[in-house]
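What you see is a predicted model, and the numbers here were worked out from it, not measured in a lab. Computed from heavy atoms alone, side chains included, the values below leave out hydrogens, waters and symmetry copies.
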There are 2 protein chains.
Amino acid sequence: MKLICNQKVLANKIGIVQKAINSKTTIDLLKGILLSTENGQLRLTGSDSEIKIETTLQAEIEEHGSIVVDSRLFGDIIRKLPDSFVQIETDSNSNIYISCESSRFTIKGLSADEYPKHQDVHVENMSTIPQAILKEMIKQTSFATSQDQTKPVLMGEMFEVSSGNAGMVAIDGYRLAVRSSFIDGLNDDIKVIIPGKTLVDVNSLMSGEGDIKVGFTDKNAIFIMDDTVIVTRLLEGDFIDYKRLLPKECNSRVRLKTKSLLNSIERAALLSQSEKNNLIKLSIKNDVMVITSNTDRGNVYEEVSIELEGSYLDIAFNSRYIMEGLKNIDSEEIYMEFTTNVNPCIMKPVDDIEYIYLLLPVRISSNI
Amino acid sequence: MKLICNQKVLANKIGIVQKAINSKTTIDLLKGILLSTENGQLRLTGSDSEIKIETTLQAEIEEHGSIVVDSRLFGDIIRKLPDSFVQIETDSNSNIYISCESSRFTIKGLSADEYPKHQDVHVENMSTIPQAILKEMIKQTSFATSQDQTKPVLMGEMFEVSSGNAGMVAIDGYRLAVRSSFIDGLNDDIKVIIPGKTLVDVNSLMSGEGDIKVGFTDKNAIFIMDDTVIVTRLLEGDFIDYKRLLPKECNSRVRLKTKSLLNSIERAALLSQSEKNNLIKLSIKNDVMVITSNTDRGNVYEEVSIELEGSYLDIAFNSRYIMEGLKNIDSEEIYMEFTTNVNPCIMKPVDDIEYIYLLLPVRISSNI
C-alpha cells in the first residue's frame with residue numbers, strides 16, 4: 001500500500017472510526033483501524049462486536065493494499081503532524097512508514113487478512129431523517145437507558161415508526177423517556193431495539209445540519225452521513241410495552257418553569273448527594289411547590305412557584321432522576337402530573353414538543 | 001453572627017480561600033473556612049500548615065460573630081444560589097442558616113474558637129512587583145520544582161533579589177529553571193525559599209494586571225492583592241548554589257525555532273512515552289538537528305532546521321524534560337548550548353528575556 005492524503009482530513013476521519021473502537025478490548029486487531037485502498041480513496045474501518053464505522057477520504061493511491069494499525073498510536077501520530085500531505089506506505093512485513101514534511105515514523109501494523117469480516121449489510125430503501133430531529137430524539141432519551149448488563153434489552157432504545165410517527169423510547173426500571181415526532185417521508189413501519197451506545201455515537205457524529213439516512217434489516221441498523229457508514233447489530237428480545245406504564249389518570253397537575261425547578265433541585269441535591277437514595281421531598285400546595293431534603297449534613301428548604309390543578313400532594317424522588325429529566329427538556333415550562341405518592345409522575349413540556357419523562361417516586365413513611 | 005452580602009462576590013471569595021484548603025486533611029477544622037465579621041466586612045480565612053489565605057468582602061453586619069463552615073459544602077451551596085443577596089446567620093449551637101430568595105439551608109458549623117491561630121505576620125516595608133512579571137517568573141520556573149518529599153528545600157523556589165535584580169530558581173535534580181528580571185523599586189536584598197505550591201496558588205490568584213505587594217520576615221512571606229492576603233511559611237535549609245551548576249564553556253551552540261523543536265519532540269515522544277526514560281536522541285549537524293527515538297512500538301526520525309556554531313554532537317534526553325522547558329518559553333527562537341554529551345545542556349531565549357533552563361542529558365552508549 002502506498003498513498004498520499006491530507007493530514008487534517010485524515011486526523012478527522014480517524015476520530016470518527018475511533019468511536020467504534022473499544023480501547024479496553026484484549027483483541028489487538030480490534031484495537032486497530034483497518035486501512036484499505038479503493039480507487040482514489042482511503043477507507044478507514046473501526047469495529048467491535050456490536051458496531052462498525054467506516055469512512056473514506058480522498059487519497060492519491062500509488063499502490064493498493066490494506067493493513068491494520070493501532071488506533072491510539074496512529075491517531076496520536078497523525079494529529080501531531082503538520083497540516084500538510086501525509087504519505088503512508090507499507091511493506092510485506094507489515095511495517096507502516098508514515099512521512100510528512102520532515103517527520104518519518106515507522107510503526108508495526110497487523111495483517112488485514114485477520115481483521116474480522118463483517119457481513120455486508122445492504123438496505124434497498126433507506127429512510128431520510130433530518131439530523132436535528134434525530135439528535136433531539138437521542139439526547140432526550142439516551143440518558144435513561146439501563147446500564148445493567150443483566151438486562152441487555154434495556155441497554156438499548158426502542159425506535160418505532162408507525163404512519164410516519166417516530167418514537168424513541170428508553171427505560172431503565174426507574175424512569176422512562178419517550179420522544180416522538182412526525183417525520184415526513186418515513187413511510188415504512190419499523191420497530192427495532194438499537195444499542196444505546198450506538199445511538200450516543202451516532203449523535204456525536206451528527207453535526208445537526210442536513211439529513212441522515214437510516215435503514216434496517218432483521219439483525220442490523222445502518223446509518224449513513226456523507227462518507228461515513230455506521231452499522232450496528234440490533235438487540236433481540238421484547239421491549240417493555242411502555243404505553244401500559246403511562247398513567248391513565250392524574251389527580252394533581254402542576255405547571256412550572258423548567259429552569260426554576262432544576263435550580264432548586266440542584267441546590268437541594270447538594271445535601272442529599274452523599275446519601276444512598278439522593279432523596280428529596282416535594283410538597284405540592286396552591287401556588288407553591290416546597291422542596292426539602294434532610295440529611296446528616298443539614299437540611300434545605302426551597303420554594304418554586306407553580307400553578308396547581310387538583311389535590312395537594314407530598315411525594316419523594318431520587319434527585320438525580322429528576323435533574324437528568326429536567327436537563328434534557330429545553331422547553332421553558334413543563335407540566336408535572338401525579339396520581340398518588342406511590343404512582344409514577346410524568347414530566348412533559350407545555351409546548352408542542354412530544355416528550356414524556358416518567359419517573360417512579362421513592363416510598364416515604366407518612367410521618368416525614 | 002448575622003449578615004447580608006452579595007452571592008456572586010461571596011462565591012468568588014470562597015474560590016480564593018479554597019486554594020489554601022487541603023481537602024484531604026483529616027482535621028475537620030482545616031477543611032473549613034473561618035468566617036468572621038469586622039465593621040462592614042465579612043472576612044474569610046482558609047489555611048493549612050504551610051499557607052493561610054484571607055480575604056474580605058463588603059457585608060451588612062447585623063450581629064458580629066465567627067464560625068467555621070465546611071469549605072466544599074459552603075462553596076457548592078453559595079455558587080448554586082441565585083445572583084442576589086445572601087443572608088448568613090448562626091445560633092449558639094453552631095448551626096448556620098443560609099437564605100437567599102426562596103432557598104433556605106441549615107448546615108452544621110464548627111466553633112471558631114478551635115480554629116488554628118496563626119501568628120500575625122507584619123512587614124513594615126512591602127515591595128511592589130508588577131503582577132505580569134511575577135506571573136512570568138513563576139510560570140517559567142515552578143514546573144521544575146521537585147515533588148520529592150525527602151528533599152523539602154527543592155519543593156520550593158529560591159527568590160533572590162540583589163540591587164533590584166530579582167531571580168526565581170527551581171531545581172529538581174534533573175533540571176534547573178531560572179527566570180530573572182530587573183524590578184524597579186525593589187531595593188532590599190532578599191534570599192528566601194518559598195514553597196512551590198504557594199507560588200502556584202499566588203500565580204493563579206493574580207490577574208496579571210496591576211501590582212502585587214510582597215514582604216518577608218525571617219520565617220514567612222506575605223503577598224497582598226486587593227482584599228486578599230496570602231501568608232506562607234518559608235522553607236528552611238540551604239538552596240543549591242545554582243550558579244556553580246551553569247556550564248562555563250560551550251562547544252556547540254544551536255539557534256532554532258522554539259515551536260518547531262517542540263512540535264518535533266512532541267511527535268518523537270509519542271513512541272517513547274511508554275518507556276521508562278522517555279528517551280529521545282538529538283544529533284546535531286550543520287543546518288539540521290535530527291531527533292530520533294527507537295522503541296518497541298516503532299521508530300521516528302525528525303529534522304529541525306538550526307544554525308550551528310561549534311562541533312557536531314549526539315546527545316540524549318528525557319523528552320518530558322525538554323518539552324516542559326520549551327512549553328514555558330514564549331520567545332520565538334532559542335539557543336541551545338552543549339559542552340559534551342554527558343554535561344548539562346542549556347536552553348535560553350534569543351531575545352532579551354532573562355531565562356535559563358538547564359537539563360541533564362541521559363547517558364547513552366556510543367554505538368547507538
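Put simply, the side chain of A:Arg267 does not reach to within 4.5 Å of the side chain of B:Cys100, judged on heavy atoms. Contact of the B:Leu73 side chain with the A:Leu271 side chain is registered, since non-hydrogen atoms from C-beta on lie closer than 4.5 Å.
There is no contact between B:Ser264 and chain A, counting heavy-atom distances below 4.5 Å. Contacts between B:Ile98 and chain A at a heavy-atom distance below 4.5 Å are absent for every atom of the residue. For chain B, the nearby part of A:Asp70 is the side chain; its heavy atoms alone come within less than 4.5 Å. Contacts between A:Asn299 and chain B at a heavy-atom distance below 4.5 Å involve backbone atoms as well as side-chain atoms. If you measure heavy-atom distances from A:Ile96 to chain B, you find no contacts under 4.5 Å at all.
Residues forming a side chain to side chain donor-acceptor pair (under 3.5 Å) with A:Ser84 (at least two apart in sequence, or on another chain): A:Glu101. When the side chain to side chain donor-acceptor pair (under 3.5 Å) test is applied to B:Asn6, no partner is found at least two apart in sequence or on another chain. Residues forming a ring pair (Phe, Tyr, Trp, His ring centres under 6.0 Å) with A:Tyr115 (at least two apart in sequence, or on another chain): none.
No more than 12 heavy atoms of other residues, nucleotides or ligands shown are found within 6.0 angstrom of CZ on B:Arg72. A 6.0 Å sphere centred on OH of B:Tyr97 holds more than 12 heavy atoms belonging to other residues, nucleotides or ligands. Atom CD of A:Glu332 sits in a sparse spot, with 12 or fewer heavy atoms from other residues, nucleotides or ligands closer than 6.0 Å.
Within residues 104-112 of chain B, the residues approaching chain A closer than 4.5 Å by heavy atoms are, in numerical order, B:Arg104, B:Phe105, B:Thr106, B:Ile107, B:Lys108.
No other option in A:Ser102, A:Gly298, A:Ala268 has as many heavy-atom pairs under 4.5 Å with chain B as A:Ser102.
Taking all atoms of both residues into account, the shortest heavy-atom contact from B:Leu270 to A:Asp76 is CD1-O, 3.4 Å.
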